[in-house]
Amino acid sequence: MTVRVRFAPSPTGSLHIGSVRTTIYNYFFARQHKGTLILRIEDTDQDRLVAGAVESLYEGLRWMGVTWDEGPREGGPHAPYIQSERLPLYQRAAQDLIDKGAGYFCFCSKERLAALRAQQAANRQITRYDRHCRSIEPKEAAERAKTEPHVVRLKVPDDGVIAVDDLVYGRVEWPIETIEDQVILKSDGFPTYHLAVVVDDHAMGITHIFRGEDWLPSTPKHLLIYQAFGWTVPPIAHFPNVLGQDGKKLAKRHGATKVEQFRADGYLPEAMVNYLALIGWAPGTEEEVFTMDDLVQRFRIDQVQKAGGKWDRDRLDWFNGVWIRRLADPDLIGRLDPFMPAEWDRDVIRKALPLMRERMRTLVEGRELVRFLFTDELTVDAAALVPKKQDRGAAARALARATAALRDVTPFEEAEIEAALRRVSEELGWHIREVSHVVRVATMFGPIGLPLFDSLELLGTERTMARLAHAADILGEGPRGGTRADA
RNA sequence: GGCCCGUUCGUCUAGAGGCCCAGGACGCAGCCCUCUCAAGGCUGAGAUCAGCGGUUCGAAUCCGCUACGGGCUACCA
């Protein structure tokens, strides 16, 4: 039997980290088993639709490197793959259940239902539907259904136990009396999630049902629907939730949760996939840097964690750094490109690359690292120019010496620049660190981490000299009058 | 309130009765390297395995209870 798994998001917002994690687990499993991956859009709640959500989904997953075989745009043998376009199927299924005596029309108003719930809650009773319409004669109900607004509910058995053998959580049981007569078809003719998911999974030949942990409590409802249809239930696995720092299910209020945000912040899809895969799954070895292909090969359902895992930005940042360092030069350049202003000289960026690559955790940080090479707009603060344990006058003198020494350096290259500055430090009796500090702040506008000598070479003689002169002015003027440079 | 799930360093986790007075990684601290910052290397702090009772010669690993946390409880998914 060939594996067919699906991921079935609701288009209610932009692609979310939590659902991505579930999606990649589906992906790993499908590809590992040379199976078929299906994308199905579950848009049965017309009130919650968000424009552009499907687009965001496609864009986000494409970026992450997740591909699938059947879906709304890809088509496939079970098209359409959007639930709102499959309404007749669900309506027929609901009618089927009614005909079998496993479902019934319910004419209760939302007001009655709300009042019922309120009353039950006030009496500290279990809030559940009181089966008011269950006793209406089928013929009479069918007749009323022609004119009256109604829903279809599932006839849940009175007692017994229903259980699932979850691939992650093991056996989970529910007393049937805790389950109410679920609405399966809404008054607008749309199915509820519960009906739609069962009908579609069956119709589309889904062999394994994988979804987030938050669905575990509604599994008995689905089991009962399978039972009512007389269908066999495929193996089911729930994956633990991704949690925010407070231990609650990751949500918008936890900060960045959309993949497009991480993309814009300069994260690599490789790092996202790698990091996300390791929340809730571990290979049982001490390895932890994995490509998508590695993960497809190594992932195992029985190694999936039961407990939810907290989102840890620091760890993601580390993985991102790892993946940036792993990229080949041309690849890294390509990734960096969209983050660099168009007017910045790509040639210079290419030359700066070896200096940057071990110093950025995100592509955005990479951009900030080389900003000084492309703009003179940044300002220097006089106090920042003065090394620790030195005073302003000394800094001014050192700057003057360095300027003089640098002026004559030819060729203006890293080794020669270093030699010149080392000579200055000897003459001054300063540590090279202190000389570097002054020159660094003067030319790079701050304690930028790139190596100074290489950076000056990239900057070139002219701009280096101009910036040194400018810094000298700042040091010389100062609010306290300062000491004039003596050179 | 009801139903269900979970609980190993701050975080992600290894661990499926003796190899564990618990290993790795992130983060943190220190040292080395070093023009700064990173990267890299080394070292260190950090978990009485939620608690309590059992089973066993022996328990993080098996059982029970309790506590705490979480999810669900809609004509939302």
Side-chain angles (χ1 to χ4, degrees), chain A residues 8-12 42-45 47-48 106 108-110 113-114 117 120-121 123-129 149-153 166 169-170 172-175 177-180 182-188 190-194 196-197 211-220 238 240-241 243 245-249 275 278-289 303 305-319 321-322 325 355-361 365 369 418 421-422 425 431-437 439-441 444 447-453 455:
Chain A
S10 293
T12 53
E42 311 223 316
D43 59 343
T44 54
D45 184 354
D47 296 334
R48 294 210 313 160
C106 170
C108 293
S109 67
K110 289 185 184 178
L113 262 17
R117 257 197 304 278
Q120 288 171 332
N123 295 339
R124 299 171 139 247
Q125 289 173 317
I126 301 172
T127 55
R128 47 124 105 102
Y129 182 56
H150 61 274
V151 301
V152 176
R153 286 181 185 272
D166 191 278
Y169 288 91
V172 183
E173 302 181 337
W174 295 266
E177 62 262 29
T178 62
I179 301 157
E180 70 173 349
Q182 201 49 40
V183 171
I184 54 176
L185 197 70
K186 305 187 247 186
S187 56
D188 62 0
F190 277 69
T192 58
Y193 169 82
H194 308 296
V197 74
R211 47 160 58 144
E213 176 195 354
D214 34 347
W215 286 112
L216 189 52
S218 50
T219 301
H238 289 87
N241 283 145
L243 277 18
Q245 279 307 308
D246 57 1
K248 299 197 169 127
K249 198 168 73 167
Y275 168 66
L278 260 22
I279 303 180
W281 174 81
T285 66
E286 285 175 356
E287 304 154 274
E288 54 187 356
V289 178
Q303 289 174 324
Q305 200 81 8
K306 290 188 182 76
K310 286 181 188 164
W311 177 258
D312 180 1
R313 183 67 168 256
D314 283 337
R315 198 163 148 82
L316 203 219
D317 283 351
W318 178 76
F319 273 111
V322 167
R325 273 170 254 131
L355 311 180
M356 302 159 63
R357 85 174 316 136
E358 304 200 320
R359 294 181 171 80
M360 52 177 170
R361 285 172 310 172
E365 283 180 6
L369 239 24
E418 171 165 9
L421 289 178
R422 285 196 184 275
S425 85
H431 194 284
I432 180 66
R433 180 190 309 132
E434 296 172 300
V435 178
S436 291
H437 174 89
V439 178
R440 174 185 303 278
V441 174
M444 300 166 85
I448 301 296
L450 296 195
L452 178 63
F453 315 131
S455 297

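Each chain gets a letter, A, B and so on, in the order the sequences are listed, and its residues count up from 1. Fair warning: this is a prediction, and the values are worked out from it, not measured in the lab.
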Polar-atom pairs under 3.5 Å, protein N or O versus N or O of nucleotides 71-74 of chain B: list them with distances, or write none.
| residue | atom | partner | partner atom | Å |
| --- | --- | --- | --- | --- |
| B:C72 | OP1 | A:Lys249 | NZ | 3.0 |

Taking atom [atom1] in both [N] and [M], compute the distance separating them and give it to the nearest angstrom.
N: B:U66; M: B:G30; atom1: P; answer: 47 Å
N: B:G58; M: B:A67; atom1: C1'; answer: 28 Å
N: B:G18; M: B:U73; atom1: P; answer: 42 Å
N: B:C52; M: B:A60; atom1: C1'; answer: 16 Å
N: B:U55; M: B:C72; atom1: C1'; answer: 35 Å
N: B:A74; M: B:A16; atom1: P; answer: 42 Å
N: B:G10; M: B:A45; atom1: P; answer: 15 Å
N: B:U61; M: B:A50; atom1: P; answer: 8 Å

- For A:Glu286 and for A:Gln125, find the nucleotide of RNA chain B with the closest heavy atom, then tell me which residue's nucleotide is more 5'.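 Its nearest nucleotide being more 5', the pick is A:Gln125.
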- Residue met sooner reading RNA chain B from 5', once A:Pro451 and A:Leu278 are mapped to nucleotides: A:Leu278
- From B:U36, B:C12, B:A39, nucleotide with atom closest to A:Arg359 side chain: B:U36
- Nearest to the side chain of A:Arg440 - B:C35, B:A77, B:A39?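 Comparing B:C35, B:A77, B:A39 against the side chain of A:Arg440, the answer is B:C35.
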With a 4.0 Å cut-off on heavy atoms, is [X] in touch with a base, just the backbone sugar-phosphate, or nothing at all?
X: A:Ser187; result: base
X: A:Arg48; result: base
X: A:Ser425; result: nothing
X: A:Leu185; result: nothing
X: A:Lys110; result: base
X: A:Phe190; result: nothing
X: A:Arg357; result: nothing
X: A:Gln245; result: nothing
X: A:Leu369; result: nothing
X: A:Ile279; result: sugar-phosphate
X: A:Gly321; result: nothing

Might you list the N or O atoms of the protein lying below 3.5 Å from N or O atoms in nucleotides 26-31 of chain B, with each pair's distance?
| residue | atom | partner | partner atom | Å |
| --- | --- | --- | --- | --- |
| B:C26 | OP1 | A:Trp318 | NE1 | 3.4 |
| B:C26 | O2' | A:Asp314 | O | 3.4 |
| B:C26 | O2' | A:Arg315 | N | 3.3 |

- Say you draw a straight line from CZ of A:Arg128 to CD of A:Glu177; how long is it, rounded to the nearest 0.5 Å? 7.5 Å
- Note on the structure: So CD of A:Glu180 and CD1 of A:Ile126: to nearest 0.5 Å the spacing works out to 11.0 Å
- Taking the side chain as C-beta and beyond, is there a heavy-atom pair between A:Thr44 and A:Thr192 under 4.5 Å? no
- Message: Applying the Watson-Crick and G-U wobble criteria at under 3.5 Å, what pairs with B:G18? Answer none if nothing qualifies.
- Response: B:C57
Between [N] and [X], is there an OP1 or OP2 to side-chain N/O distance shorter than 4.0 Å?
X: A:Arg433; N: B:U34; answer: no
X: A:Arg325; N: B:A38; answer: no
X: A:Lys310; N: B:U13; answer: no

Residues which pass side-chain hydrogen bond (donor to acceptor under 3.5 Å, both in side chains) with [X], listed by chain and number, not counting sequence neighbours:
X: A:Arg357; answer: A:Asp329
X: A:Glu42; answer: A:Arg40, A:Gln83
X: A:Arg359; answer: none
X: A:His238; answer: A:Asp166, A:Arg211, A:Thr219

- Message: So, using ring-ring contact (aromatic ring centres under 6.0 Å, His included) as the criterion, who are the partners of A:Tyr275 when residues are at least two apart?
- Response: A:Trp311
- Query: For A:Trp215, what residues pass the ring-ring contact (aromatic ring centres under 6.0 Å, His included) criterion, not counting sequence neighbours?
  - Reply: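 ring-ring contact (aromatic ring centres under 6.0 Å, His included) check on A:Trp215 returns A:Tyr193.
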- Query: Can you name the salt bridge (Lys or Arg N to Asp or Glu O under 4.0 Å) partners of A:Arg422, sequence neighbours left out?
  - Reply: A:Glu418
- Task: Output all residues satisfying side chain to side chain contact (heavy atoms under 4.5 Å, CB included) with A:Asp47, sequence neighbours left out; order by chain, then residue number.
- Result: A:Asp45
- Which residues satisfy the side chain to side chain contact (heavy atoms under 4.5 Å, CB included) test with A:Lys110, sequence neighbours excluded? none
Would you tabulate the pairs of protein nitrogen or oxygen atoms and nucleotide nitrogen or oxygen atoms of nucleotides 46-51 of chain B closer than 3.5 angstrom?
none

